[in-house]
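Note that these values count all heavy atoms, side chains included, but never hydrogens, waters or copies made by symmetry. Here is the naming used below: chain letters follow the sequence lines, and residue numbers restart at 1 for every chain.
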Amino acid sequence: MKKLPRKFYTRSTLRVAKELLGNYLIVKIGRKKLTGKIVETEAYVGPNDKASHAYLPPRLRKFPGEGKITCRNKTEYLEGGHIYIYLCYGMYWQFNITTAKEGKPECVLIRALEPSIKQKKQDANTQKLANGPGKLCRWMRLDKSFDGEDLTKSKRIWVAQELKIKRGQIAAAKRIGIDYAKEWAKKPWRFYIKNNPFISKK
DNA sequence: GTACAGATTGAG
DNA sequence: TCAATCTGTACT
């Protein structure tokens, strides 16, 4: 099983968001391994994107392309292939994978996973185990301790390469929960595998 | 310091 | 429809 290499992640965010679909996120917890196929993602594309944590109005920028940096989002600026994870609504972790070059605050939010066959045999309700960004983190026990970790080097979390999903199998739609971002909320930057029963419900 | 909203979820 | 309750921002 081959890990996705650095080169995969350092490309454009929209491309990475689409091509992550179908690959496997693997997390080691003690001796156990949890595996889930990535079936739904969302792209967040940096300082210009009003829905991004790095959004900074142009009038506040000291130099072109400057993004907002806070204690929470600083790992978003790492080179593609690192983890940006943060607490949402005070309760749920949101797991993101950084993209593009170091210094560019762009990332892909992983919104849903399809648990492995093995997992389906063990759990009665796999359909609802990871069909939402907060739920997949709860299932895989992802938290702040993973913030900034390198997916191409880590011994406890990585993405295994699978056969590419065909273009016709991928659907694009509006991102969820960001209506405050006005025109940016309409961009079709949520991607998911068509007819997959494990994607999040709106 | 206070007030409020947010890349969510599950219960009622 | 609502509340759980951390983080960041805009105000007092």
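Near DNA chain B, meaning a heavy atom under 4.0 Å from it, residues 126-152 of chain A has Gly132(A), Pro133(A), Gly134(A), Lys135(A), Arg138(A) in order of number. Near DNA chain B, meaning a heavy atom under 4.0 Å from it, residues 93-103 of chain A has Gln94(A), Asn96(A) in order of number.
Other residues, nucleotides and ligands contribute over 12 non-hydrogen atoms within 6.0 Å of the CG atom of Asn125(A). Surrounding CZ of Arg141(A) are at most 12 heavy atoms belonging to other residues, nucleotides or ligands under 6.0 Å away. The 12-atom threshold is not exceeded at NZ of Lys201(A), counting heavy atoms of other residues, nucleotides or ligands nearer than 6.0 Å.
As a member of the Ile/Leu/Val/Met/Phe/Trp/Tyr network built from side-chain separations under 4.5 Å, Leu60(A) groups with Leu56(A).
Between the NZ atom of Lys50(A) and the C1' atom of dA5(B) there is a distance of 17 Å, rounded to whole Å. Remark: C1' of dT8(B) and CD1 of Ile85(A) are 14 Å apart, rounded to the nearest angstrom. Between Ile178(A) atom CD1 and dA5(B) atom P there is a gap of 18 Å when expressed in whole angstrom units. Rounded to an integer number of Å, the gap from NE2 of His53(A) to P of dT9(C) is 10 Å. If you take OH of Tyr55(A) and P of dG8(C), they are 19 Å apart, rounded to a whole angstrom. In this structure, the OH atom of Tyr44(A) is 13 Å from the P atom of dG6(B), given to the nearest Å. For the pair Tyr89(A) OH and dT9(B) C1', the computed distance is 10 Å after rounding to whole Å. When rounded to the nearest whole Å, the span between CD1 of Ile69(A) and P of dT9(C) equals 12 Å.
Residue-level contact check: Leu87(A) touches the backbone only, with heavy atoms under 4.0 Å from sugar-phosphate atoms and none from bases. Nucleic acid contact for Lys68(A): sugar-phosphate only, since backbone atoms but no base atoms lie under 4.0 Å from a heavy atom of the residue. At a threshold of 4.0 angstrom between heavy atoms, the contacts of Arg175(A) with the nucleic acid are absent.
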Secondary-structure notation, DNA chain B, from Watson-Crick and G-U pairs under 3.5 angstrom (| other strand):
||||||.||||.
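Checked by atom type and distance alone, the side chain of Thr152(A) never pairs as donor or acceptor with a backbone atom of Pro5(A) at under 3.5 Å. Checked by atom type and distance alone, the side chain of Asp49(A) never pairs as donor or acceptor with a backbone atom of Gly46(A) at under 3.5 Å.
Nucleotides dG10(B) and dT7(C) are separated by 23 Å at their C1' atoms, to the nearest Å.
In plain terms, the two heavy atoms of Arg6(A) and Gly80(A) that are nearest each other are NH1-O, 2.8 Å.
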Can Asp147(A) and Arg72(A) be said to form a salt bridge (charged side-chain N to carboxylate O under 4.0 Å, His left out), step by step?
CA-CA 10 Å; Asp147(A) 196 36; Arg72(A) 177 175 68 164; over 6 Å; no
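Residue pairs meeting the side-chain hydrogen bond (donor to acceptor under 3.5 Å, both in side chains) criterion with at least one member in residues 96-105 of chain A, sequence neighbours excluded, are Thr13(A)-Thr99(A).
Aromatic ring centroids of Tyr9(A) and His82(A) lie 6.0 Å or more apart.
Scored by the salt bridge (charged side-chain N to carboxylate O under 4.0 Å, His left out) test, Arg111(A) finds Glu40(A), Glu42(A) as partners (sequence neighbours excluded).
At least one side-chain heavy atom of Ile157(A) sits less than 4.5 Å from a side-chain heavy atom of Glu149(A).
You cannot call Tyr92(A) stacked on the base of dT8(B); the centres under 5.5 Å and planes under 30° rule is not satisfied.
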